[in-house]
Amino acid sequence: MSQLVGARLIGVGAAVPAAVVTNADLEKLVDTSDEWITTRTGIKERRVVSEDETASGLAIDAAREAIAHAGIDSGIIDLIIVATSTPDNLYPSTACMVQAAVGAARAAAFDLEAACTGVIYALAVGQQFIGSGTFKTVLIVGVDIHSRFLNWEDRNTCILFGDGAGAFVMQATDGDNEILATYLRADGSGGHLLLIPNTGAAYPHAGTTPPKAMHRFLHMNGRAIYEFAVNAVPEAVKAACARAGIRVDDLDFLVPHQANQRIIKAVAERLGMRPEQIVSNLDQYGNTSAASIPLALRDALRRRQIVPPATCALVGFGGGLTWGSAIVRWTAGT
Ligand code: ACO
């Protein structure tokens with residue numbers, strides 16, 4: 001049997017809208033307070049798209065930054081995978097829009113939907129294409145603009161989310177494999193706990209506005225998602241470490257999906273990791289869904305919390321339900 005080709009991450013990028021919505025701004029919209037949001041979630045502010053900004057626009061900006069960071073010519077990209085739950089349209093895919101904009105003339109392109117776990121799924125798929133020898137250079141983007149699907153009168157959900165995009169460039173390597181392992185899971189029986197209904201073809205009246213009761217808002221059972229997350233995230237990290245043949249103690253950093261600081265803290269404690277090993281920028285951006293992991297990693301490199309080489313567990317969870325982890329050795333520069 002032929003040897004699998006190793007893969008490494010060689011670039012990271014991110015993009016967020018300019019407009020900042022603070023907790024004080026939300027106090028004017030719903031019955032909430034900066035104190036409640038800060039203590040229950042850790043979020044201080046988030047970015048929200050303007051009317052003329054799109055998921056594809058943020059995805060393109062993040063992709064360009066990751067390509068520049070990787071120092072590659074976009075013409076060598078073989079595959080683009082965009083993880084998103086909030087694409088501009090059903091088709092063309094956001095990945096095809098990115099492909100045209102960055103000039104990846106020979107790349108295949110498709111979207112993948114696994115909610116907030118999307119980037120982990122995309123990393124695993126990209127690794128498979130590289131490992132099999134099919135492709136050498138893969139661009140992965142996670143982007144979401146949940147602000148377009150939030151009920152700004154629902155204090156349970158509108159305080160949590162922000163818009164953004166993050167991207168990785170992954171490349172085949174003759175040296176050591178640096179995507180040490182991935183672990184993906186799903187449990188569709190929990191799909192009703194976190195959903196944006198009436199947005200797909202099951203809604204029978206295409207082109208019409210749904211009646212109020214059927215509005216296309218994000219719905220969430222916060223308590224149930226919280227319970228799910230604090231169990232699923234440690235499980236995914238431990239399972240991925242086992243596949244990588246390392247111990248959790250061997251990890252330098254945890255780069256978790258940025259949903260709630262209390263979830264992140266509980267997970268870190270269950271894994272026995274120290275606060276300085278945990279990457280978080282939730283206070284500035286809220287939950288940016290598929291974007292949050294590359295956005296958090298990029299910022300941790302910029303502020304030199306992560307100094308390469310470092311072994312990192314990237315871990316996500318979200319709608320579907322989905323969850324998963326990737327153990328990566330980060331060696332690219334900052
Ligand atoms: N401001 C003030 N009070 C609020 C707010 C708010 N923004 N939101 C809820 N409350 C109230 C509730 O109404 C409730 O009041 P009551 O006791 O009078 O009924 C009280 O605060 C407590 O509500 P809980 O839901 O029990 O609060 P909890 O501590 O569980 O925090 C939260 C809620 C922050 C949503 C938490 O459950 C959570 O973070 N869950 C996970 C959510 C998540 O991560 N979702 C994203 C998944 S990723 C993806 O794929 C999109």
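The figures here come from the full heavy-atom set of this structure, side chains too, leaving out hydrogens, waters and symmetry mates.
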Next on the checklist: Among residues at least two apart in sequence or on other chains, which ones pass side-chain contact (heavy atoms from CB on, under 4.5 Å) with D78?
Outcome noted: R106, F135, K136, T137
Checklist entry - When you check the side-chain N and O atoms of S280 and Q258, is any donor under 3.5 Å from an acceptor? => result yes
Item to check | R64 (side chain) donor-acceptor with V102 (main chain) under 3.5 angstrom | outcome: no
Next on the checklist: Listing request: all salt bridge (charged side-chain N to carboxylate O under 4.0 Å, His left out) pairs with a residue in residues 217-229, at least two apart in sequence or in separate chains.
Outcome noted: none
Checklist entry - Has the side chain of T173 got a donor or acceptor atom that lies under 3.5 Å from a matching backbone atom of G6? => result no
Checklist entry - So, does T117 use its side chain to make a donor-acceptor pair with the main chain of I120 at under 3.5 Å? => result no
Next on the checklist: Quick one: does any side-chain atom of R46 pair with a main-chain N or O of L160 as donor and acceptor, under 3.5 Å?
Outcome noted: no
Checklist entry - Is the shortest distance from a Lys or Arg side-chain nitrogen in K44 or D34 to a carboxylate oxygen in the other one below 4.0 Å? => result yes
Checklist entry - Any side-chain heavy atom of V21 sitting closer than 4.5 Å to one from E45? => result no
Checklist outcome for this item: Hits for salt bridge (charged side-chain N to carboxylate O under 4.0 Å, His left out) against R185, two or more places apart or cross-chain, chain-then-number order -> E235
Checklist entry - Are side-chain N/O atoms of E178 and T331 paired as donor and acceptor at under 3.5 Å? => result yes
Checklist outcome for this item: For residues 273-299, the salt bridge (charged side-chain N to carboxylate O under 4.0 Å, His left out) pairs (sequence neighbours left out) are E65-R298, R274-E276
Item to check | Which residues share a side-chain contact (heavy atoms from CB on, under 4.5 Å) with S50, sequence neighbours left out | outcome: D52, E53
Next on the checklist: Measuring only between side-chain heavy atoms, which start at C-beta, is L297 closer than 4.5 Å to F253?
Outcome noted: no
Checklist entry - Looking at S93 and F110, what are the two nearest heavy atoms and their distance? => result OG-CA, 4.3 Å
Next on the checklist: Restricting to side-chain contact (heavy atoms from CB on, under 4.5 Å), what partner residues turn up for L180, sequence neighbours left out?
Outcome noted: A244, T311, I327
Checklist entry - Which residues pass the salt bridge (charged side-chain N to carboxylate O under 4.0 Å, His left out) test with R155, sequence neighbours left out? => result D31
Next on the checklist: Checking the side chain of D144 only, and the main-chain atoms of S85 only, is there a donor and an acceptor separated by less than 3.5 Å?
Outcome noted: yes
Checklist entry - Cluster question for you: counting only ILVMFWY and a side-chain heavy-atom cut-off of under 4.5 Å, with indirect links fine, are L9 and V169 together? => result no
Checklist entry - Any side-chain heavy atom of Q261 within less than 4.5 Å of one from T39? => result no
Checklist entry - Should the pair F228 and W323 be assigned to parallel (<30°), tilted (30 to 60°) or perpendicular (>60°) ring geometry? => result perpendicular
Checklist entry - Should V328 and I278 be counted in the same cluster of Ile, Leu, Val, Met, Phe, Trp and Tyr side chains packed under 4.5 Å apart? => result no
Next on the checklist: Tell me if a side-chain donor or acceptor on D61 pairs with a main-chain N or O of L58 at a distance below 3.5 Å.
Outcome noted: no
Next on the checklist: With a 4.5 Å cut-off on side-chain heavy atoms, are V315 and V267 touching?
Outcome noted: no
Item to check | Main-chain N/O of D163 paired with T288 side-chain donor or acceptor, under 3.5 Å | outcome: no
Next on the checklist: Please check this pair: side chain of S147 against backbone of V48, looking for a donor-acceptor N/O pair closer than 3.5 Å.
Outcome noted: no
Checklist outcome for this item: Grouping ILVMFWY residues whenever side-chain heavy atoms fall under 4.5 Å, the cluster of L295 otherwise contains V16, Y285
Checklist entry - T86 and R148: side-chain donor and acceptor closer than 3.5 Å? => result no
Checklist entry - For R270, what residues pass the side-chain hydrogen bond (donor to acceptor under 3.5 Å, both in side chains) criterion, not counting sequence neighbours? => result N231
Checklist entry - Taking only residues two or more places apart in sequence or in another chain, which ones pass side-chain contact (heavy atoms from CB on, under 4.5 Å) with A259? => result H257, N287, F317
Checklist entry - Backbone N or O of E35 within a donor-acceptor pair of the T38 side chain at under 3.5 Å? => result no
Checklist entry - Under 4.5 Å between any side-chain heavy atoms of D250 and C241, yes or no? => result no
Checklist entry - Is the backbone of A115 close enough, under 3.5 Å, to the side chain of E113 for a donor and an acceptor to pair up by distance? => result yes
Checklist entry - salt bridge (charged side-chain N to carboxylate O under 4.0 Å, His left out): which pairs involve residues 257-268, sequence neighbours left out? => result K265-E269
Checklist outcome for this item: By salt bridge (charged side-chain N to carboxylate O under 4.0 Å, His left out), D154 pairs with (sequence neighbours left out) none
